[in-house]
There are 2 protein chains.
Amino acid sequence: MGQRDAEATRARILSAALTEFAAHGYSGGRIDRIARDAASNVRMIYAYFGNKSGLFDAALSDAIVRMAEEVPPEPSDLPAWVGELFDFHERRPEVLRICLWAQLERPDAASEPLGTYLAKVESVQQQASPAIGAVDLLVIIYAVAQAWHVAPVGLLAADTHASSTTRRAAAVEAVTRILA
Amino acid sequence: MGQRDAEATRARILSAALTEFAAHGYSGGRIDRIARDAASNVRMIYAYFGNKSGLFDAALSDAIVRMAEEVPPEPSDLPAWVGELFDFHERRPEVLRICLWAQLERPDAASEPLGTYLAKVESVQQQASPAIGAVDLLVIIYAVAQAWHVAPVGLLAADTHASSTTRRAAAVEAVTRILA
DNA sequence: CCTAAGTAAGTATCTATTTACTTATAGGCT
DNA sequence: AGCCTATAAGTAAATAGATACTTACTTAGG
């Protein structure tokens, strides 16, 4: 294990790719920058990931898997879960950003790793009411957790003395009321 | 007013730009395609809008203004308003898409036209509770209205027999409960 | 006939991808 | 053990195609 460590290089490239694509998206992301940031080489990227889209998809999957690990589905306490999702998005904004970008630029990419969350749907089913189905409930909770990240900046600026604490509380309270 | 109509050409370019940027984003959007789709010319785009970012910002502002006109703020009945917002996003997905893209690629662009919505904050103030402030409430409502457009595709696929009608009802119901 | 709308054909730069090359390292052979 | 070599890791430089933006020109119409 000297300077030649395939796994380590691969991991560095993946990490740099997440940063780059989260910041600039797929078509805005630059292979050269990723190679430089990873202290590696353009050629290695193609050796490991085939092409740009392969790299993007790998970075995306990696990010989703990481999220699924850090914020495991918790159907028994959905208000608590929205709080944890909120925290995660504050802690790791790159994950949400690359997901949003994937949604816009490559909507068909990496729907796979989502299986973890899908498994939760059934458990939620019982909490769902006739007015709001299980999947719709999850979709809404997911949206509430990231609401402040997709809200127009101009709107947020209106909140002169806002803190992430009060926002988090608002998200939890909203989901609590939805379930009431 | 023959074939030479500056206003009409400008409008065609703007419309084509909205379509293009909504589909591919700022850095993915192609000036040549916009010129072709507008049945105009690359040179005209630069004559009217200066450069690519000028064109993007113009298309974005135009879209936001159109939204503000079609779905006017209605603080007195927020559940009804979320329903109308939901309908608007179904009717004109380009507007939401270009807004999301602006959020990611050019977060500082075009916060101006949002003033219309900001004016509503005060009216909402009274409906806000200590747990959820006025701005946060608007942010959440805004997020719920577009929830199905930012939800991972894989999650939506789980909803085998979903319709926009039931989704709309879910959004309205969710906001109703939040306000209860 | 003069101004502004419109057109066509560049140009310089950028960027994904490849080709041709160098160096480290694991493992078989003596 | 110590050499030798096949293979995988790493590098540098070229290429081919896009793409934002310009320059030089043409034509409509008041």
Side-chain angles (χ1 to χ4, degrees), chain A residues 1-61 98 101-102 104-106 108-110, chain B residues 1-61 98 101-102 104-106 108-110:
Chain A
M1 41 155 122
Q3 282 119 311
R4 285 212 167 181
D5 190 335
E7 274 310 305
T9 303
R10 211 190 116 97
R12 283 203 317 281
I13 291 174
L14 216 49
S15 168
L18 175 57
T19 304
E20 174 73 9
F21 286 132
H24 305 104
Y26 176 73
S27 64
R30 296 291 168 249
I31 295 281
D32 293 25
R33 264 195 303 245
I34 294 172
R36 182 157 35 80
D37 286 13
S40 180
N41 196 282
V42 171
R43 187 64 188 82
M44 288 291 94
I45 290 176
Y46 286 90
Y48 289 137
F49 301 98
N51 52 22
K52 191 182 180 181
S53 46
L55 178 59
F56 182 88
D57 292 352
L60 175 65
S61 292
I98 201 175
W101 245 310
L104 288 168
E105 299 190 280
R106 330 194 76 239
D108 300 328
Chain B
M1 42 156 119
Q3 280 117 313
R4 285 205 169 186
D5 190 335
E7 273 311 304
T9 303
R10 211 190 116 98
R12 281 204 318 279
I13 291 174
L14 216 48
S15 168
L18 174 58
T19 305
E20 175 73 9
F21 287 131
H24 304 103
Y26 176 72
S27 65
R30 296 291 168 249
I31 294 283
D32 292 24
R33 264 195 303 244
I34 294 172
R36 183 156 35 79
D37 286 14
S40 180
N41 195 280
V42 171
R43 186 64 188 81
M44 288 291 94
I45 290 177
Y46 287 91
Y48 289 137
F49 301 98
N51 53 21
K52 192 182 181 181
S53 46
L55 178 59
F56 183 88
D57 293 351
L60 175 64
S61 292
I98 201 174
W101 245 310
L104 289 167
E105 298 190 281
R106 330 193 77 237
D108 299 327

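Naming convention: chains lettered A, B, ... in sequence-line order (proteins, then strands); numbering from 1 in each chain.
Using a 4.5 Å heavy-atom threshold, the side chains of A:Ser53 and A:Arg106 count as touching.
Side-chain N or O atoms of B:Glu20 include one that pairs as donor or acceptor with a backbone N or O of B:Arg30 at under 3.5 Å. Judged by distance alone, the side chain of B:Ser15 and the main-chain N or O of B:Ala11 form no donor-acceptor pair under 3.5 Å.
Taking atom CD1 of residue B:Ile13 and atom C1' of nucleotide C:dA5, one finds them 11 Å apart after rounding to whole Å. The CE atom of A:Met44 sits 8 Å away from the P atom of D:dT11 (whole-angstrom rounding). Note: CG (A:Asn41) to P (D:dA9) measures 14 Å, nearest angstrom. Taking atom CD1 of B:Ile45 as the reference point, atom P of C:dA5 lies 15 Å away to the nearest angstrom. Between B:Arg10 atom CZ and C:dG6 atom C1' there is a gap of 17 Å when expressed in whole angstrom units. Rounding to whole angstrom units, CD of residue A:Glu7 and P of D:dG10 are separated by 11 Å.
Residue A:Ala102 comes nearest to A:Leu60 through the heavy atom pair CB-CD2, 3.6 Å, listed as atom of the first residue, atom of the second, then distance.
Side-chain N/O atoms of B:Thr9 include one lying less than 4.0 angstrom from OP1 or OP2 on C:dG6.
Legend: residues meeting salt bridge (Lys or Arg N to Asp or Glu O under 4.0 Å) with A:Glu105, ordered by chain and number and at least two apart, are absent.
Pairs of residues two or more places apart, or lying in two chains, that qualify as ring pair (Phe, Tyr, Trp, His ring centres under 6.0 Å) and include a residue from residues 33-59 of chain A are A:Phe21-A:Phe56, A:Tyr26-A:Phe56.
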Next on the checklist: For a quick check, with a 4.0 angstrom heavy-atom cut-off, what is the B/S/- contact string for nucleotides 15-21 of chain C, read 5' to 3'?
Outcome noted: SSBBB--
